[in-house]
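Have a look at the structure below, then the notes.
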Amino acid sequence: MRSSSPRSGFPSPRLFSRVPLAGRYPAAVALSLLALSPYLILTTATTLMKPQITREIGATPFELQLTSGMSNAAYAFGAVAAADLVQRVARRHLYLLCETGFVVSSVLALSAPGIGLFATGVVLQGLCTGMLLVCALPPLVTGHPIGRLRTTAAVVSLGLFGMVAFGPLVGGLVGSLGGWRPLFAGLATLAAIGLTVGALAFEGNEPPAPRAKFDWLAIPLALGTTTLPFFGVAWLTRGSFSDPEFSVPVVCGLVCGVFLVGGQYKKAEPLMPVRPISNTLPVVGTLNAMLVGASFTTLLELTEAYLTKEAHYTPLRVGTLVTPQIAGVFVAAVLFRRLMATRWTPYLALSGTLSVSIGAAVLLAVSTKNASAIVPVAALFLGFGAGAGVTPGLFLAGFSVPSAQIGPTFALVELLRSEAAFLIGPVLLHLALTTGLAEGFHLAVVITLTVTVVGVLLLIVLYLLGGARPQPPDLESWLSGRSTAYHSPALLAGLRKP
């Protein structure tokens, strides 16, 4: 049986005394950022390094795209797997194991003579980071006094999307100047530092349900939900939309996702709390995070492809032009720190979606002649949109369940967000490339803008039909485990009879 006690997984006093930096907030922040940052930088740095990596290890474009897709799939699956494992294994042990795994996988990738070893290392990096997300973030959020929560919210925003926004600059430097192997060595070093900090600071705990059974419904379905569609979109690098190698895995993977979410909703003791977050506020927050994540990733990939292949800019110039997105993410993190404990969080999440829409509209004016002036403006809006749209949406879901369930909730939201982000982007990029980037880029941006605007309108309608009213979260009750922070009305409550 899965424990739902608010005290589940709290530090063990016996283990606490053996960890010299246990309970230190700066150390907890450091180990969380070091756990997530290396891989998240790599997710957006790889695109601008692909030509160099392809030459050095003799890989084909399809092999490299498949490696990237399976790595993203492993990240999403790892979060779900960790939500199951932390029931039976102490978080500290799992954290140390995954950080060690990331160091080893980085060494495998940087020493790879060919695609086989490289792919193994990169996919394991994704798996370890997805598991670290569920190991490291919940203790940071719930294990410190209420006065720290606002800063924690900003740290999560910077940790998730600040590093993603920093990736293109790193990739541009490596793509123009060389040295992807030293980059992987640097990532391994960061992970080794994270391992050291974790050994000194990560508090031990008694597993909340050491005899919990393996979830034979959630885990296999989560594996199919991630790996099948990501293989399908990777196939577009060597095939087309009409190929069964594309359509069959994507359809089967999406069906797995439907059964996964539906099964968790109906289950009495689910691995992931689908039913508690099926109310208005968490549904709007989760859908908002999916919409913003997908739009941001798609527009970034399209912009990098256009500047590289159509404008013939160097990777360094491309990375520099999109660097203002870092400033946008930082501004969003500062705003979220100020607004997280107020009733304005849903509006901040909505502003993120609107900002991404503005960034897309600005990109419609891009040409090979004005890209140097237009792209930085669009990047600023995209960065703010990503920071303001995803993390507040994540917390709208997390505050809608008891604090003891925030880890599985983060796992579910990240699974859904990753599914949307890394499926839509490659599909629209393939459409742009096959149409011809001169016209295809603008066509794909129009589609993304249309989907985003329609999505915003639907989210507003859902919010209004739910009868939700702006309310500050009850953080004190949530942290103590007495209740959820948000008491959200049921989905579409305004349409139901009293």
Side-chain angles (χ1 to χ4, degrees), residues 1-16 19 22-25 28-29 32 79 82-92 94-95 133-153 155-156 202-212 264 267-282 285-286 340-343 345 391-414 471-490:
M1 178 179 293
R2 300 187 186 280
S3 173
S4 59
S5 168
R7 299 296 298 178
S8 295
F10 267 50
S12 163
R14 179 173 56 85
L15 295 172
F16 186 93
V19 184
R24 305 285 182 89
Y25 183 72
V29 169
S32 297
D84 182 74
L85 286 173
V86 294
Q87 297 292 320
R88 297 183 293 275
V89 181
R91 287 182 184 271
R92 172 183 168 86
L94 198 57
Y95 176 90
L133 173 81
V134 175
C135 293
L137 279 191
L140 176 64
V141 175
T142 62
H144 299 276
I146 192 171
R148 298 288 194 182
L149 260 179
R150 294 193 307 156
T151 301
T152 299
V155 168
V156 172
F202 206 109
E203 302 169 9
N205 72 293
E206 299 295 341
R211 297 183 180 180
Q264 293 294 292
K267 200 170 183 181
E269 295 180 357
L271 172 62
M272 295 175 290
V274 174
R275 187 181 292 271
I277 65 169
S278 61
N279 294 318
T280 299
L281 281 178
T286 300
M340 187 270 290
T342 73
R343 62 192 179 98
T345 296
T391 310
L394 191 67
F395 274 85
L396 282 174
F399 286 158
S400 298
V401 299
S403 56
Q405 292 184 305
I406 193 171
T409 303
F410 279 2
L412 175 62
V413 176
E414 277 297 283
Q471 55 177 298
D474 184 358
L475 298 178
E476 185 174 345
S477 295
W478 182 78
L479 270 181
S480 67
R482 295 194 303 269
S483 71
T484 60
Y486 285 121
H487 304 286
S488 172

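Source: prediction; values computed, not measured. Throughout, residue positions are numbered sequentially from 1 according to the sequence presented.
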>> Please report the interatomic distance CD(E476) to OG(S483), rounded to the nearest 0.5 Å.
In response: 10.0 Å
> How about P139 and R91: do any of their side-chain heavy atoms sit closer than 4.5 Å?
Replying inline: yes
> From T484 OG1 over to I277 CD1, what is the distance, rounded to the nearest 0.5 angstrom?
Replying inline: 12.5 Å
> Where do A153 and F395 come nearest, in terms of heavy atoms and distance?
Replying inline: CA-CZ, 4.1 Å
> Among all residues two or more places apart in sequence or in another chain, which pass the side chain to side chain donor-acceptor pair (under 3.5 Å) test with D474?
Replying inline: S477
>> In the structure I gave you, are the side-chain heavy atoms of M272 and T409 within less than 4.5 Å of one another anywhere?
In response: no
> Got a second to check how far M340's CE is from T391's OG1, nearest 0.5 Å?
Replying inline: 11.5 Å
>> When you measure from the side chain of S488 to the backbone of L281, do you find a donor-acceptor pair of N or O atoms at a distance under 3.5 Å?
In response: yes
>> Quick one, R148 and L140 - any side-chain contact, counting heavy atoms below 4.5 Å?
In response: no
> For T345, which residues count as a side-chain contact (heavy atoms from CB on, under 4.5 Å) partner, sequence neighbours excluded?
Replying inline: F336, P392, L396, Y486
>> According to ring pair (Phe, Tyr, Trp, His ring centres under 6.0 Å), who are the partners of Y95, at least two apart in sequence or on a separate chain?
In response: F202
>> What I'd like to find out is whether the side chain of S32 reaches to under 4.5 Å of the side chain of V155, using heavy atoms alone.
In response: no
> Does the side chain of F410 come within less than 4.5 Å of Q405's, by heavy atoms?
Replying inline: no
> Yes or no on side-chain contact (heavy atoms from CB on, under 4.5 Å) for L149 and L479, after CA distance, side-chain angles and deciding distance?
Replying inline: CA-CA 10 Å; L149 260 179; L479 270 181; 3.9 Å; yes
> Tell me, do R275 and P270 make a side-chain contact under 4.5 Å, heavy atoms counted?
Replying inline: no
>> Quick one, I146 and W478 - any side-chain contact, counting heavy atoms below 4.5 Å?
In response: no
>> Let me confirm one number: the CG-CD distance from L271 to Q87, rounded to the nearest 0.5 Å.
In response: 7.5 Å
> Which atoms form the tightest heavy-atom contact between A79 and L133, and what is the distance?
Replying inline: CB-CD2, 4.3 Å
> What heavy-atom pair brings H144 and A28 nearest, and what distance separates the two atoms?
Replying inline: NE2-CB, 3.5 Å
> Taking side chain as C-beta onward, heavy atoms only, is T152 less than 4.5 Å from L137?
Replying inline: no
> Do T151 and Y25 have side-chain N/O donor and acceptor atoms under 3.5 Å apart?
Replying inline: no
>> Looking at every heavy atom in both A83 and P408, which two are closest together, and how far apart are they?
In response: CB-CA, 4.1 Å
> For P489, what residues pass the side-chain contact (heavy atoms from CB on, under 4.5 Å) criterion, not counting sequence neighbours?
Replying inline: T280, A468, A493
>> Which residues pass the side-chain contact (heavy atoms from CB on, under 4.5 Å) test with T286, not counting sequence neighbours?
In response: M290, A397, V413, L416
>> Test of understanding: with side-chain contact (heavy atoms from CB on, under 4.5 Å), list the residues that count as partners of P276, not counting sequence neighbours.
In response: P273, V401
